[in-house]
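Take a look at the structure below.
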There are 2 protein chains.
Amino acid sequence: MVRRRGARENRREEILLAALDVFAERGYTGASIASIAERVGLSQQGVLHYFPSKDRLLAEVLRLRDERNLDVLVLPGEGGAITLETVAGLVEYNAQRRGIVQSFTVLSAESVLEDHPARDFFKERYGTSRAWMAEVIRAELGDELPAGLTPEQAAPLMFAVMDGLQLQWLLAPDDIDMPGLFRAFLSLLRARRSVSE
Amino acid sequence: MVRRRGARENRREEILLAALDVFAERGYTGASIASIAERVGLSQQGVLHYFPSKDRLLAEVLRLRDERNLDVLVLPGEGGAITLETVAGLVEYNAQRRGIVQSFTVLSAESVLEDHPARDFFKERYGTSRAWMAEVIRAELGDELPAGLTPEQAAPLMFAVMDGLQLQWLLAPDDIDMPGLFRAFLSLLRARRSVSE
DNA sequence: CTCGCAACCTACCGACTATTCGGTAATCGT
DNA sequence: ACGATTACCGAATAGTCGGTAGGTTGCGAG
């Protein structure tokens with residue numbers, strides 16, 4: 001059926017990885033198909049042979065990255081449930097993968113623009129992630145968080161801290177201890193209930 | 001001396017406001033000088049008569065916006081010091097100014113890219129803002145924060161929460177109560193010290 | 001009333017953009 | 001060996017980009 005078994009899929013993945021790099025360096029708007037093609041030794045038309053448009057290429061890049069991220073998150077939790085410690089581990093892992101963090105920071109912010117091809121992707125992603133994170137928090141800390149917070153409030157705050165720290169870290173890696181600050185936030189959530197006066 | 005007193009300055013400001021709008025809609029890379037010019041009824045070269053390059057135009061847009069933001073922050077604190085409540089007020093104010101929030105979210109994320117003209121601006125801005133915010137926190141809450149946090153740790157977390165919430169809010173304004181969640185985070189910082197076991 | 005300059009404009013440049021069309025060469029199953 | 005399919009590439013399309021050069025117009029100062 002297929003000539004060289006999986007040759008097409010290999011080529012496609014090669015292109016996707018190059019595309020992620022270029023998106024990380026220049027953002028989606030600033031990236032050109034030609035520059036991605038150059039990186040894999042193809043012509044611009046060669047890339048478009050595998051992906052019908054720049055939009056679709058972006059969509060597949062995001063899908064692939066999400067799969068891999070899920071691997072990192074789920075693998076350590078093998079056999080056990082995912083905990084806040086697992087999430088802190090992901091932040092630590094990210095601190096060693098600047099390119100990937102940069103691509104997601106830039107692309108997610110870009111996606112808030114009207115008619116951006118990744119808008120729906122990120123909107124849905126945040127929605128489901130928040131619901132899922134709220135359950136992780138509830139499972140570990142219960143319903144009673146400090147200052148009367150609910151897990152449904154803590155979840156969006158958690159992602160806000162992750163994203164916001166990434167931005168500051170990308171601008172000044174030497175000044176920002178991203179994993180340390182994230183753990184500091186976690187300890188804020190884990191603190192025992194407050195004493196009334 | 002000047003023909004129409006301040007005519008030039010008025011025109012410049014007109015252009016800056018239009019530029020902020022376009023940057024908010026398309027980001028810096030995606031925005032064209034021509035589209036900004038169209039909005040003020042000039043040709044592309046008319047805009048370049050007032051600002052020598054796109055880079056410089058961006059620089060002045062950011063400077064102007066920062067001034068205005070400072071006004072909002074300082075005005076309510078008239079006579080008194082700036083408090084965490086003032087900051088919460090700024091978040092509330094932002095929740096009514098989608099365009100401005102969007103422009104800053106997109107531009108700050110874009111600025112992490114190599115050779116981006118706004119890189120230094122945002123890097124410096126975050127640096128000074130963190131130092132300043134740490135002092136606001138220390139003045140109001142002292143050195144003893146929940147979970148053993150220092151004001152120097154709380155400050156970057158605070159900006160992370162602000163920025164991260166903005167991103168989620170821009171993607172799903174109906175799902176995210178930005179000011180409410182920010183206040184929830186503040187209450188985490190204000191909670192009394194934990195009871196050991 | 002004239003000089004000079006500010007405020008624009010048209011015209012243009014070279015480079016780059018995503019995408020389409022029409023090929024060619026290699027390789028596959030048969 | 002042969003038709004079909006795949007994997008490309010060259011060239012062209014129809015723009016857009018930021019920026020420059022060189023003008024024209026109209027107002028203000030002298």
Side-chain angles (χ1 to χ4, degrees), chain A residues 1-20 22-23 25-61 106-107 110 113-118, chain B residues 1-23 25-62 106-107 110-111 113-119:
Chain A
M1 284 180 194
V2 182
R3 308 76 146 350
R4 240 169 303 153
R5 267 271 221 291
R8 180 177 178 89
E9 280 312 307
N10 286 347
R11 201 51 145 167
R12 278 175 58 90
E13 184 157 329
E14 216 181 323
I15 293 171
L16 287 173
L17 292 177
L20 184 67
V22 176
F23 288 150
E25 284 167 26
R26 305 208 209 287
Y28 174 74
T29 310
S32 71
I33 301 178
S35 64
I36 295 165
E38 198 185 0
R39 228 164 268 225
V40 285
L42 282 181
S43 72
Q44 186 185 132
Q45 298 77 0
V47 169
L48 286 169
H49 172 68
Y50 290 92
F51 301 93
S53 72
K54 196 184 171 189
D55 281 19
R56 293 287 300 273
L57 177 56
L58 173 63
E60 298 221 38
V61 164
V106 174
L107 290 176
E110 221 178 338
L113 303 177
E114 291 147 28
D115 300 324
H116 195 280
Chain B
M1 285 169 194
V2 182
R3 307 83 142 347
R4 239 169 304 155
R5 264 278 221 285
R8 180 177 177 90
E9 278 314 305
N10 286 345
R11 200 51 140 173
R12 279 175 58 90
E13 184 157 329
E14 218 182 322
I15 294 170
L16 287 172
L17 292 176
L20 184 67
D21 278 358
V22 176
F23 288 150
E25 284 167 26
R26 307 210 210 284
Y28 174 74
T29 311
S32 69
I33 301 178
S35 64
I36 295 166
E38 197 185 3
R39 229 164 268 225
V40 285
L42 282 181
S43 72
Q44 182 190 137
Q45 295 72 9
V47 169
L48 286 169
H49 172 67
Y50 291 93
F51 301 92
S53 74
K54 197 185 172 188
D55 281 20
R56 293 287 301 273
L57 177 56
L58 173 63
E60 299 221 36
V61 164
L62 293 173
V106 173
L107 290 175
E110 222 177 336
S111 80
L113 302 177
E114 290 147 29
D115 299 325
H116 195 281
R119 229 203 127 109

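In what follows, every heavy atom counts, from backbone to side chain, and hydrogens, waters and symmetry copies are set aside. Reminder, nothing fancy here: chain letters follow the sequence lines and each chain counts from 1. This one's a predicted model, so the numbers in the text were calculated from it and none came from an experiment.
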Give a yes/no on whether any side-chain N or O of Arg8(A) is located under 4.0 angstrom from OP1 or OP2 of dT6(D).
no
Side chains of Phe51(A) and Ile33(A), heavy atoms from C-beta outward: is any pair under 4.5 Å?
no
What is the distance, rounded to the nearest whole Å, between atom CD of Glu14(A) and atom P of dA7(D)?
13 Å
Which part of the nucleic acid, if any, lies within contact of Ala31(A), taking any heavy atom under 4.0 Å across all strands shown: a base, the sugar-phosphate backbone alone, or nothing?
sugar-phosphate
Atom pair distance, as rounded to whole Å: CG in Leu57(B) and P in dG18(D)
10 Å
How would you label the contact of Ile33(B) with the nucleic acid (heavy atoms, under 4.0 Å): base, sugar-phosphate, or nothing?
sugar-phosphate
Using OP1 and OP2 only, check whether a side-chain N or O of Arg11(A) sits under 4.0 Å from dT6(D).
no
Atom-to-atom span, CG of Leu48(B) to C1' of dA7(C) - whole angstrom:
14 Å
Round to a whole Å and report the spacing from CG of Asn10(A) to P of dC8(D).
12 Å
Residue of the set Glu110(A), Lys54(A), His116(A) for which side-chain hydrogen bond (donor to acceptor under 3.5 Å, both in side chains) holds with Thr29(A):
Glu110(A)
Interatomic distance, Lys54(A) NZ vs dT16(D) C1' [rounded to whole Å]
13 Å
Between CD of Gln44(B) and P of dA11(C) the distance, given in whole Å, is 15 Å
Does the pair Asp21(B) and Ile36(B) meet the rule for a side chain to side chain contact (heavy atoms under 4.5 Å, CB included), with working shown?
CA-CA 8 Å; Asp21(B) 278 358; Ile36(B) 295 166; over 6 Å; no
Quick one: is dA7(D) close enough that its OP1 or OP2 comes under 4.0 Å of any side-chain N or O from His49(A)?
yes
OP1 or OP2 of dC9(C) versus the side-chain N and O atoms of Ser43(B): is any pair under 4.0 Å?
yes
Could you tell me whether the phosphate oxygens of dT6(D), OP1 or OP2, come under 4.0 Å of any side-chain nitrogen or oxygen in Tyr50(A)?
no
Is Glu38(B) atom CD crowded by more than 12 heavy atoms from other residues, nucleotides or ligands, each under 6.0 Å away?
no
Output the rounded distance in Å from CD (Gln45(A)) to C1' (dT6(D)).
17 Å
Could you give the CD1-to-C1' distance, from Ile36(B) to dT16(D), as a whole number of Å?
14 Å
Taking only N and O in the side chain of Ser32(B), is any of them less than 4.0 Å away from OP1 or OP2 of dC17(D)?
yes
How close do Ala118(B) and Leu58(B) get, heavy atom to heavy atom, and via which atoms?
CB-CD2, 3.9 Å
